[in-house]
Structure formats: structure tokens, C-alpha cells
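Each remark here refers to the structure printed beneath this line.
All values below were derived from every heavy atom in this structure, side-chain atoms included, with hydrogens, water molecules and symmetry-related copies excluded. Heads up: numbering here begins at 1 and tracks the sequence. Just so you know, ligand 1 is whichever comes first in the structure, and atom 1 is the first atom listed for that ligand.
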Amino acid sequence: MTRGRLILIEGLDRTGKTTQTNLLLEKLGPNAQLIKFPERTTPIGKLIDKYLTERSFELADQAVHLLFAANRWELSHQIEALLRSGKHVILDRYVYSGVAYSSAKGVRGMDLQWCIQPEKGLIKPDLTLFFTTDTAAERQGFGDERYEVEEFQKKVKVKFNDVFKMFENPDYRVNHIKILDVGNKTVEDVAAAVWSLVSDHIATN
Ligand code: DGP
Ligand code: NA
Ligand code: NA
């Protein structure tokens with residue numbers, strides 16, 4: 001049995017990750033499974049959901065960061081088992097969101113090196129598609145959750161660049177990162193670009 005591929009779609013809020021991961025799941029069919037982070041239904045995920053949706057729910061930024069990382073560890077055995085069974089696993093966000101959003105807060109001591117520690121050892125994606133755009137805010141408008149504020153999203157965008165630079169370091173290397181500018185593209189155009197990259201990757205690696 002060939003091992004399945006771990007395919008990650010990363011990016012800022014409102015860049016169409018959820019739409020595109022769902023479309024990719026349809027294309028890959030029953031031989032694939034989609035896992036979205038944060039996974040809000042687990043015990044840890046419920047706390048994360050409360051933090052994101054209730055502004056009055058206070059938690060130290062360090063604790064929030066560790067909860068998001070713990071949420072990925074909660075599902076890590078399931079992801080590895082699926083890959084071993086030959087299924088492809090599509091991820092909607094992962095470690096890179098974790099480091100970019102937390103470090104963008106600018107809290108003293110929560111630099112990239114601090115943020116990456118609890119993520120170390122999680123299985124690495126085989127292919128990462130990073131959605132970027134200059135026009136996300138105009139495109140769809142932000143929602144009401146804690147981080148969906150234009151000023152903060154700008155900081156996250158800068159951090160994502162730093163994060164991907166850091167992940168060129170051999171200790172943390174991310175394989176096969178493709179940057180997709182989704183600004184002003186239709187859902188169909190983005191879906192076609194995603195499918196071309198994913199199907200090529202599966203055919204040739
Ligand atoms: P989503 O359900 O994909 O819209 O994600 C919810 C919000 O949480 C979104 O603003 C991005 C942010 N986020 C996702 N993963 C992490 C993480 O690991 N750490 C932090 N601090 N924020 C994250
Ligand atoms: Na969001
Ligand atoms: Na955080």
C-alpha cells in the first residue's frame with residue numbers, strides 16, 4: 001500500500017481556503033480526508049472556539065498558542081494512521097498559521113523561535129499551497145472573530161513571509177511550498193491551479 005500524501009492549504013483569513021479544500025476533497029474522492037485546524041469539536045478545540053468567538057473570554061497569549069498546537073497534536077495519530085492506510089489528507093491550516101498568528105501579536109518573548117517549539121515533531125506536509133492576496137478584505141469582508149481585523153491581518157501577512165523563510169532552514173524544512181496569488185481570481189481559476197499542482201505532485205512524487 002502506498003502511503004497517502006499530506007497536502008496543506010495555508011493562508012490569511014478570507015482567502016478561500018475552506019472553499020478550495022472542500023473542492024479538492026471532491027476531486028480526490030473517497031481516497032482522501034479533510035482536516036481543518038483549528039478542529040473546534042475536540043475538548044481543546046472547544047476552548048479555542050470560545051476564545052475566538054467571545055471577546056470577553058480572556059486567556060494568556062502563551063496559553064492560546066499552546067492550545068492551538070495541542071489541537072494539532074490531538075489529531076496527529078489520526079492523520080498518521082490515515083496516511084499509512086493510503087489515504088490522502090488535506091489540511092486547512094496547520095503549523096504555519098500557528099506561528100504566524102501568534103508571533104504577529106507582538107507579545108514580548110513570543111518570537112518565531114518560541115512559537116515553533118510546541119509544533120516540533122508534528123508530521124510535515126508533502127505539499128504546501130500558500131494562498132496570498134492584497135485584496136482579501138475588499139473581496140469578502142472580515143467576520144466577527146477575534147483575529148478578523150484588517151490591522152492584525154496585515155501583521156500576520158508579514159509574519160507568514162518570515163515563517164516560510166525560517167522553514168527554509170534544514171531543521172524545519174517544509175517541502176514543496178507553492179505560493180498562489182488568489183487576489184482577483186475566480187473560485188474556478190483557483191481550483192484549477194490547485195488541482196494542477198496537487199495532481200502533478202501525486203503523479204510525480
Ligand atoms: P479559521 O477557523 O481557519 O478561520 O481559523 C480561526 C482563526 O484562528 C483565524 O483567524 C486564524 C487563527 N488561527 C488558526 N490557527 C492558529 C494557530 O495555530 N494559532 C493562532 N494564534 N491562531 C490561529
Ligand atoms: Na477565520
Ligand atoms: Na496565540
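- When side chains are defined from C-beta on, Phe68 does not count as touching Ile44, because their heavy atoms never get closer than 4.5 Å.
- Counting atoms of ligand 1 from 1 in the listed order, those under 4.0 Å from a heavy atom of Ser97 are 15 (N).
- Close contacts between ligand 1 and Gly98 involve ligand atoms 17 (C), 18 (O), 19 (N) [criterion: under 4.0 Å to a heavy atom].
- Arg72 contributes no side-chain N or O that, together with a main-chain N or O of Glu119, makes up a donor-acceptor pair within less than 3.5 Å.
- Ligand 1 does not have Lys105 within reach: every non-hydrogen atom of the residue lies 4.0 Å or more from it.
- Asp144 pairs by the side-chain contact (heavy atoms from CB on, under 4.5 Å) definition with nothing, not counting sequence neighbours.
- Assignment of Val64 to the shell around ligand 1 is not supported, since no heavy atom sits closer than 4.0 Å.
- Not a single heavy atom of His65 sits less than 4.0 Å from an atom of ligand 1.
- With Glu26 contributing its side chain and Leu28 its backbone, the two residues share no donor-acceptor pair below 3.5 Å.
- The six-membered or imidazole ring of Tyr96 lies away from that of Phe160, with a centre-to-centre distance of 6.0 Å or more.
- Residue pairs meeting the side chain to side chain donor-acceptor pair (under 3.5 Å) criterion with at least one partner in residues 77-89, sequence neighbours excluded, are absent.
- Taking distance alone, with nitrogen or oxygen atoms compared against 3.5 Å, Arg93 approaches ligand 1 more closely than that limit.
- Ligand 1 places these atoms under 4.0 Å from at least one heavy atom of Pro38: 2 (O), 5 (O), 14 (C).
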Which is it for Lys157 and Asp13 under the salt bridge (charged side-chain N to carboxylate O under 4.0 Å, His left out) test, yes or no, and what are the steps along the way?
-> CA-CA 10 Å; Lys157 187 173 182 177; Asp13 288 80; over 6 Å; no
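- Not one N or O of Glu148 is nearer than 3.5 Å to an N or O of ligand 1, by distance alone.
- Neither the backbone nor the side chain of Thr18 comes within 4.0 Å of ligand 1, counting heavy atoms alone.
- Ring centers of Tyr147 and Phe152: under 6.0 Å apart, within the cut-off.
- Ligand 1 has Lys36 within reach: a non-hydrogen atom of the residue lies less than 4.0 Å from it.
- Residue contact check for ligand 1: Arg72 places a non-hydrogen atom closer than 4.0 Å to it.
- The option from Tyr96, Tyr51, Phe68, Tyr94 that lies nearest to atom 17 (C) of ligand 1, judged by heavy atoms, is Phe68.
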